[in-house]
Amino acid sequence: MTLEDKLANTIKLISLKNAIDFNNNIKPEVVISKTFSYAKDSKKNIKDIIPEIRKIISELSLLPLNEKETLYNQIFNESDHYLKNLDADITQPVLIYDGNNNKNQIPEKKSPDSQHFFELPQLIGAEYGNVVTRFPPEPNGYPHIGHAKAAIIDEEYARMYNGKLILRFDDTNPVKEKLEYYEAIAKGLEWLNIKPSIVKNTSDDMEILYEYGRKLIQKNCAFVCECNPDLIKVNRSNGIFCNCRLNNVDHNLSKFEKMIAGEYRQNECIVRYRGDMNSLNTAMRDPTLFRIILGSHPKLGNKYALWPTYDFVAPIEDGLDGVTHAFRTKEYELRNELYFAILSDLDLREPNLIEFSRLEFEGIPVSKRKITPLIEKGIIQRWDDPRLPTLMGLKRRGIQPDAIRKFVLSLSITLSETKPSIEILESFNRKILDPISLRLFFVRDPIELHIDKLDVDSIEIKNHPTLEMGKRTVKVEKILYISNDDALKLKVGDSVRLMELCNIEIMDIDVSDGMGTGKKVIAAKNIGNEVSHNVQKIQWVSKKESVDYKILKPMPLYKGDIYNENNLIIDKGLAESFISKLQIGAMIQFVRYGFCRIDDFSSAIFTHR
Ligand code: ATP
Ligand code: MG
């Protein structure tokens, strides 16, 4: 098989798997981004592959789902492990629906390298044992899934080359940083199973940073500017340089020392890089390197008044720490020129700078700048609110750290700005939850169901349909509850199966229960226990053994740019009493409802279907 055939087969497998996982829909952006990470061996330029991907998708889209499944398994079986970099999703055969409510699993074919389902592309200039990466968050907010993307990539590369990962708190804006945020970031990384080799604060290096400031001034690469901030702004946009630029080195040095000594007020003067006021790259128009910020720093109190900017700190810290590969998001692109100019002026070693796209989701802001105001304005009360993409929010929603890692790696490090669908994250999560979640019954908006007779007064229900996760005993009596969603579809004469209990025939649906409440009561006849595939199966709870239960369903925070007022749905109903025995934080699946994480003794949070 030629490389090109293999590539075509890879694209087909990815597309078919995507359709099988997502209701027969193939999402081109998912296929493209996955293909990119797997197509390293192909001699083709990645850009030339896109039309081919689109052509394959349009052909495959025409097939009905069952044919897609068959074709998937056929290609999978023929592929014979040449697709060794494909992920777990694709290196597993799919389950085929045999029309009999049973899923037949085709014998499993294991990837030879099943530990590393996703491989990031190799790094340019990387030597095994000598790679240093760093994750540099500013402790000015709670970490979110965008940070997870950056930190996971940093860590995976350090591990791939048996190198080091530095966690560096970029904390040189005293009024923005808080101890609470340092802690939340450290905890978030721990949850993601990221263990940095070194943890440091940029603010630990203030004296060193001042020293490099002096060096730059001495080399006449920086100067002190005393213009008023509004004028600086106007001059910057018009490309006009100011007279402060003409002052000599000694003048600048003595001013700099006075700035350090705290002899100036905020905005009275700044240190600027001697760039090029006519540069088309506005980041080079004499950018700010140091500014006076009065305020107590969470780690250093009032020790310093003069603080370096991100532009100054990033190259120096990376250079000093021996970072070999520095990753940052694409929006810093314009600042690359300045980054390398400062390193070169100071004769510091230059890391390889690598960019990747910012992670964004439709309707969910993945940025501290957008999340923090929601909390500050009291629109959202807690950082662990399950509607938020904060790591705490995702954890509380039941998203598993390993699913986040797989998701991030599946995106690889492309620059494409397409927003991945949150469903991809959910599908990784579902695979993790499926074998560890107990199955229980919950009925939303309960409706009473009276059965004429029952042959038993208690039954045993398996906690998981296929895995050994124990059984529970449920006491039953003639009054049960079913959900109104199911009740609405029932008509007199219908047969349905109450899962695990018996089959019933609907005898009567009484909307006036005689007490004037307008509550619906359904009467049914027990028609035996034979399991038939043609009968609708519904879940129920027993009157004797049920508890009031609430499920919080997070929805997108925004619809386009508009805040979604209905971003939290609350489903109320009854759950099996057995749920009270489970611990807070346990993951369960409410049958025919979805995966949930138990949040407290009477409520759970909906994770996903
Ligand atoms: P925010 O808008 O959330 O404040 P930031 O870039 O200012 O983002 P930092 O704390 O400075 O946040 O980010 C630390 C690292 O995480 C940086 O390397 C940044 O590029 C990366 N990062 C932040 N947000 C995202 C995102 N949404 N997707 C990918 N990487 C991100
Ligand atoms: Mg920042």
Side-chain angles (χ1 to χ4, degrees), residues 33 120 132-158 165-173 175-178 180-189 192 194 196 199-203 298 308-315 317-318 321 323 325-336 339 351-376 383 388-394 404-405 407-420 422 424-425 557:
S33 107
L120 294 169
V132 180
T133 61
R134 90 292 184 260
F135 173 60
E138 181 177 354
N140 64 346
Y142 273 70
H144 50 61
I145 192 164
H147 294 115
K149 173 175 177 180
I152 287 168
I153 288 175
D154 291 327
E155 194 223 28
E156 286 281 333
Y157 273 122
L165 165 70
I166 301 172
L167 164 60
R168 183 177 81 221
F169 289 102
D170 251 340
D171 56 347
T172 60
N173 187 347
V175 294
K176 292 265 180 76
E177 338 297 21
K178 280 190 194 163
E180 178 191 352
Y181 301 144
Y182 289 81
E183 281 159 21
I185 293 167
K187 265 203 173 147
L189 293 186
L192 290 170
I194 292 178
V199 180
K200 64 174 288 191
N201 305 316
T202 301
S203 65
T309 57
Y310 172 83
D311 280 337
F312 185 68
V313 158
E317 288 286 306
D318 288 351
D321 292 340
V323 172
H325 295 80
F327 295 89
R328 55 184 189 181
T329 36
K330 216 179 130 200
E331 80 267 22
Y332 291 104
E333 213 168 29
L334 287 182
R335 320 208 78 82
N336 293 356
Y339 180 94
N352 292 287
L353 204 51
I354 301 149
E355 283 142 11
F356 54 76
S357 60
R358 261 186 101 82
L359 179 60
E360 300 277 344
F361 290 117
E362 198 55 57
I364 309 173
V366 186
S367 160
K368 286 177 289 191
R369 264 171 292 246
K370 293 183 194 152
I371 298 170
T372 309
L374 293 174
I375 299 274
E376 282 172 353
W383 289 101
L388 293 179
T390 51
L391 297 182
M392 288 173 95
L394 293 167
I404 297 181
R405 185 176 290 263
F407 168 69
V408 165
L409 295 179
S410 76
L411 303 173
S412 199
I413 52 166
T414 57
L415 290 172
S416 71
E417 286 298 334
T418 46
K419 294 181 183 175
I422 193 138
I424 304 176
L425 173 62
L557 277 168

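Every number for a ligand or one of its atoms is a count from 1 in the order of the listing.
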TODO: Decide whether the shortest distance between a heavy atom of Y310 and an atom of ligand 1 is less than 4.0 Å.
DONE: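 It does not, in that no heavy atom of Y310 comes within the 4.0 Å cut-off of ligand 1.
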Open item on the list: If the contact criterion is a heavy-atom separation under 4.0 Å, does K370 count as touching ligand 1?
Closed with: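 No.
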Minimum non-hydrogen distance to [atom], winning option of [options]:
| atom | options | value |
| --- | --- | --- |
| atom 30 (N) of ligand 1 | G146, P389, S367 | G146 |
| atom 8 (O) of ligand 1 | E355, R358, H144, E138 | R358 |
| atom 23 (C) of ligand 1 | R168, H147, K149 | H147 |
| atom 15 (C) of ligand 1 | Y332, F135, F361 | F135 |

Any ion pair linking [Y] and [X] (charged N to carboxylate O, less than 4.0 Å)?
| X | Y | answer |
| --- | --- | --- |
| R405 | E156 | yes |
| E183 | K178 | no |
| E331 | R358 | yes |
| R328 | E333 | no |
| D318 | R168 | yes |

Contacting atoms of ligand 1, where contact means under 4.0 angstrom from a heavy atom of [X]:
| X | result |
| --- | --- |
| F356 | 29 (C), 30 (N) |
| V366 | 27 (N) |
| P137 | 10 (O), 14 (C) |
| T329 | 19 (C), 20 (O), 29 (C), 30 (N), 31 (C) |
| R369 | 1 (P), 2 (O), 4 (O), 7 (O), 8 (O) |

Are any of the N/O atoms in [X] less than 3.5 Å from those in ligand 1?
| X | result |
| --- | --- |
| K368 | yes |
| P136 | no |
| L359 | yes |
| E331 | no |

Task: Residue pair K149 / F327, side-chain heavy-atom distance below 4.5 Å - done: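 Side-chain contact under 4.5 Å: no.
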- [ ] Determine whether L120 and Y157 make a side-chain contact, defined as any pair of heavy atoms from C-beta on separated by less than 4.5 Å.
- [x]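 In short, these two side chains touch, coming nearer than 4.5 Å.
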TODO: Ignoring hydrogens and angles, state whether a donor on the side chain of N173 or Y310 is under 3.5 Å from an acceptor on the partner side chain.
DONE: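 There is no such pair between these side chains.
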- [ ] May I ask you to decide if T172's main-chain N or O and E177's side chain share a donor-acceptor pair within less than 3.5 Å?
- [x]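 Flag set: sc E177 to bb T172 pair under 3.5 Å.
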Task: ring pair (Phe, Tyr, Trp, His ring centres under 6.0 Å) partner of F169, chosen from Y182, F135, Y181 - done: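 When ring pair (Phe, Tyr, Trp, His ring centres under 6.0 Å) is applied between F169 and each of Y182, F135, Y181, only Y182 qualifies.
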